[in-house]
Every structure is written in structure tokens, then in C-alpha cells.
Amino acid sequence: MTVVASAPPGGRQQIARDAIQIGLTDDPAATQAETPAPAETPAPPDDKPAAAAAPNEAAACTGVTFTRGLKYGEKSLNVLDVATGQSSGMKRPVVVFVAGEHFAGDSNEAAANPLVEQAMCFAARNGLVAFSVSYRLAPAAPWPAGSRDVAAAISWVHENADLFGGNKQEIIPIGYAAGAFHLASFLAHPEFQERDSHVAGVVLVSGVYRPTADAGDGEKSYFGTDASKYDSQSALPGLSAIDVPLVVAWSQADAPRFVAQGEKLKDMLCRAGHCPRFALLAKPGSPASVFDLDGSSGDLHERLRQLIGQIDARGLP
């Protein structure tokens, strides 16, 4: 386990002034340090093409502490990172990023994603505790390994959130791309869930929720090539049966199959009487779009703020 402070360049993004006090507040007093801020060290190098980053994408990480390499399972990729800001002494809502962009790969080590870290910094600076999850990849770990890893990670966060000042009753996982499928599948298949699998709300961004015959090689490596199994691997039927508050989003610049899958999920949930909050991204999505750090999210960060407010209003301990 390694604890470091990370400070990528860039200014803090501004959000609505009527944001709730705990979670997504832009009031400087809410994040004022009660103890000296940890020493800063450079952020991990950006290993993505320059085009993946927006001009003013970085949220300030001053005063944010990263705790890295927390093991939630036995495999090398079963690790979490956590970002925390200055504590007010109150238990804070928890966001858990499941932001893997790929179903398959040959890496046995988790790599930092700069866009995820930008979002984690912003969350921590704004009164939340932020985790990110790494999970196993195909072909070594085919379906349903990713969903089972998400289940194990959520269970670990549920049992340990209080160690970082988080409220285990206010865990909100955020799935992006391939991670959105693994998160959706975890919700849709109770048989994958472990002890302490409760989540208070879920955000799904630009995901595939049912494998299809036109999937790429990476997806087929995870799901297999037998299309007769795709219905049983789908997250769609099970999602219609859950009562967890949902936010569903995709980008108008997504490939048509991703837009079609998002529309199908939204329509299916509405028909089931469980219409999700919805946001359409203006640009290709990224984990940072959850807080509009790249100017792409439209009202996605507002939907997340509403979700956190709804959870807080329940009066949970």
C-alpha cells in the first residue's frame, strides 16, 4: 500500500453555486484544510494520446491524498486506489469509478488513468471519497470475471469506507465504457454479488449492456463467439428488476451501437416504471466527463449532484 499526494497541473473547475454542501460543493470553505496539506509530488505520466485530453481538463489536486494498490482480491489486477480530501469529521458520500475502457488485454498490472485521476481529485476536493477499481481482463479472465471483480470491490469498499471517512450507506459506483457493462452486470445478476453489495445509486456512461454479433475482438474475447449465449450474458433483463436510482448517459459522438444500447436501456427502464435520470454528452465521453472537467458532459454532473442530494435526503446514517 502506497500513500502519495498528487497534483496534476490545471485549475479547479467551477460548478453550480447551489451544489449541496456534502458532495460537489464549490464553496472553498467546505474544503478548507484543517491540517496542513500533504506534500505534492508529480502526477503519473499521461500514457494516452494527447487528443484524449481536453484543454483545461485537470482539476487541482492540492490537498488530495491518494492511497494506492489496496487489494480487494487475490489477483494482481484486483486493486483499488482511493483519493481523499481534507476531512470535516462527517461521513462523506463515496464514488467508485469502474472506468475500464477495454474488455481484453495482456497486462497483469493496474495502470493509472489520468482522466480517472482528474475526476477523483475533483470528487475529493468537493466533499466526496473517491475510489477507482481495476479488474481482470480477457482472454485470461472471460465473462463473468469482470462483474465478479466489481462485486468483490464493492464489498471491500462497503467494509472499509469508514477508514477513509466514507459513508458505506452512500456508495455510488460510476461505470464507464467496458466498466459500465461490468457494473451493470453486477447489478443485474444477483448470483455475482457478494456480502455487503448494497449501493445507493449508480451512474452508467457509454456502456454496452448486451453483447452483439458486431462486437470487436476484445469484446468477443471476453464474451466468447457463441451468440446463443449473449442473452444470458446480457445485463438488460436484470436491470429492469432493480430499484436502485440510476443515471444513464452516452455521447452523441459515440459509435452508433453504443448509442443504440444506451437508448435501449433507457427505454426498457422507463417501460418498467424505473426511468433513469439521463444525460447526453456533447463530446466523446471520458471518466472526467462525470464532473464536466472536459466540457463534454452537458448536465451529467448535475444529474450526479441530484442523485447525491436524493440519497442524502433519505436521512441515512
Side-chain angles (χ1 to χ4, degrees), residues 44 46-49 52-53 66 68-73 75-83 95-120 123 130-157 171-189 192 199 202-211 215-223 233 235 248-251 254-255 257-258 261-262 265 281 284-290 294:
D46 189 344
D47 59 357
K48 290 191 175 297
F66 275 86
R68 302 187 183 276
L70 298 167
K71 294 286 293 180
Y72 69 83
K75 303 300 182 181
S76 58
L77 286 170
N78 292 154
V79 294
L80 306 104
D81 292 344
V82 57
V95 292
V96 182
F97 287 95
V98 188
E101 297 184 6
H102 307 288
F103 287 97
D106 56 7
S107 175
N108 290 319
E109 295 184 1
N113 181 328
L115 297 178
V116 174
E117 301 216 343
Q118 292 162 20
M120 292 175 71
F131 289 84
S132 66
V133 176
S134 296
Y135 53 80
R136 292 172 291 165
L137 300 169
W143 186 89
S147 304
R148 291 191 181 278
D149 285 354
V150 169
I154 295 295
S155 179
W156 191 97
V157 171
I171 296 173
I172 303 172
I174 299 170
Y176 167 72
F181 173 82
H182 296 316
L183 177 56
S185 185
F186 150 75
L187 292 170
H189 293 269
F192 299 159
V199 295
V202 173
V203 179
L204 300 172
V205 183
S206 295
V208 168
Y209 307 108
R210 182 193 182 279
D217 291 342
E219 287 182 44
K220 289 181 178 178
S221 178
Y222 181 73
F223 293 110
Q233 294 170 328
V248 175
W250 61 84
S251 169
D254 282 342
R257 66 187 297 260
F258 290 92
Q261 293 244 345
L265 172 60
L281 310 186
S286 75
S289 68
V290 174
D294 55 6

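Model, not experiment: these values are computed from the prediction.
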Closest approach of Val248 to Gly262 (non-hydrogen atoms, all atoms of both residues): CG1-O, 4.4 Å
Heavy-atom pair of closest approach, residues Pro287 and Ala119: O-CB, 3.8 Å
Nearest-0.5 Å distance that lies between atom CZ in Phe131 and atom CG in Leu70: 7.5 Å
Partner set under salt bridge (charged side-chain N to carboxylate O under 4.0 Å, His left out) for Arg148, not counting sequence neighbours: none
Side chains of Asp149 and Tyr72, heavy atoms from C-beta outward: is any pair under 4.5 Å? yes
Close side-chain approach of Pro173 and Ile154, heavy atoms under 4.5 Å: yes
Strictly distance-based, threshold 3.5 Å: is any side-chain N or O of Ser76 a donor or acceptor partner for the main-chain N or O of Asn108? yes
Is there a side-chain contact between Trp143 and Phe103 in this structure, where contact means two heavy atoms from C-beta onward sitting under 4.5 Å apart? no
Would you say Asp81's side chain and Gly69's backbone share a donor-acceptor pair under 3.5 angstrom? yes
Closest non-hydrogen contact found for Gly146 with Tyr222 is N-OH, 3.1 Å
Here the pair of heavy atoms bringing Leu77 nearest to Ala110 is CD2-N, 3.5 Å
Can you run down the salt bridge (charged side-chain N to carboxylate O under 4.0 Å, His left out) pairs that involve residues 176-188, sequence neighbours left out, and say none if there aren't any? none
Hey, is the main chain of Tyr209 close enough, under 3.5 Å, to the side chain of Gln261 for a donor-acceptor pair? yes
Distance check, rounded to the nearest 0.5 Å: Ser134 atom OG versus Leu80 atom CG? 7.5 Å
If you round to the nearest 0.5 Å, how far is OG of Ser221 from CG of Leu137? 9.5 Å
Please walk me through it: do Val205 and Leu281 pass side chain to side chain contact (heavy atoms under 4.5 Å, CB included)? CA-CA 9 Å; Val205 183; Leu281 310 186; 4.0 Å; yes
Pairs touching residues 176-188 that satisfy salt bridge (charged side-chain N to carboxylate O under 4.0 Å, His left out), sequence neighbours left out: none
How close do Ser289 and Ser286 get, counting heavy atoms only, and between which atoms? OG-O, 2.5 Å
Would you say the side-chain atoms of Gln233 pair up with the backbone N or O of Phe223, donor to acceptor, closer than 3.5 Å? yes
Do any side-chain atoms of residues 176-189 form donor-acceptor pairs under 3.5 angstrom with protein atoms, and if so which ones, sequence neighbours left out?
residue	atom	partner	partner atom	Å
Tyr176	OH	Gly285	O	2.9
Ser185	OG	Ser147	OG	3.0
His189	ND1	Glu191	OE2	3.0
His189	NE2	Ser234	O	3.2

With a 3.5 Å distance limit and no angle check, can you tell me whether Lys71 reaches the backbone of Lys75 through a side-chain donor-acceptor pair? yes
Under the rule for side chain to side chain donor-acceptor pair (under 3.5 Å), what residues qualify as partners of Tyr135, not counting sequence neighbours? none
Could you tell me which non-hydrogen atom of Gly218 sits nearest to which non-hydrogen atom of Ala104, and how far apart they are? O-CB, 3.8 Å
The criterion is side-chain contact (heavy atoms from CB on, under 4.5 Å); which residues satisfy it with Ser155, sequence neighbours excluded? Glu159, Glu194, Arg195, Asp196
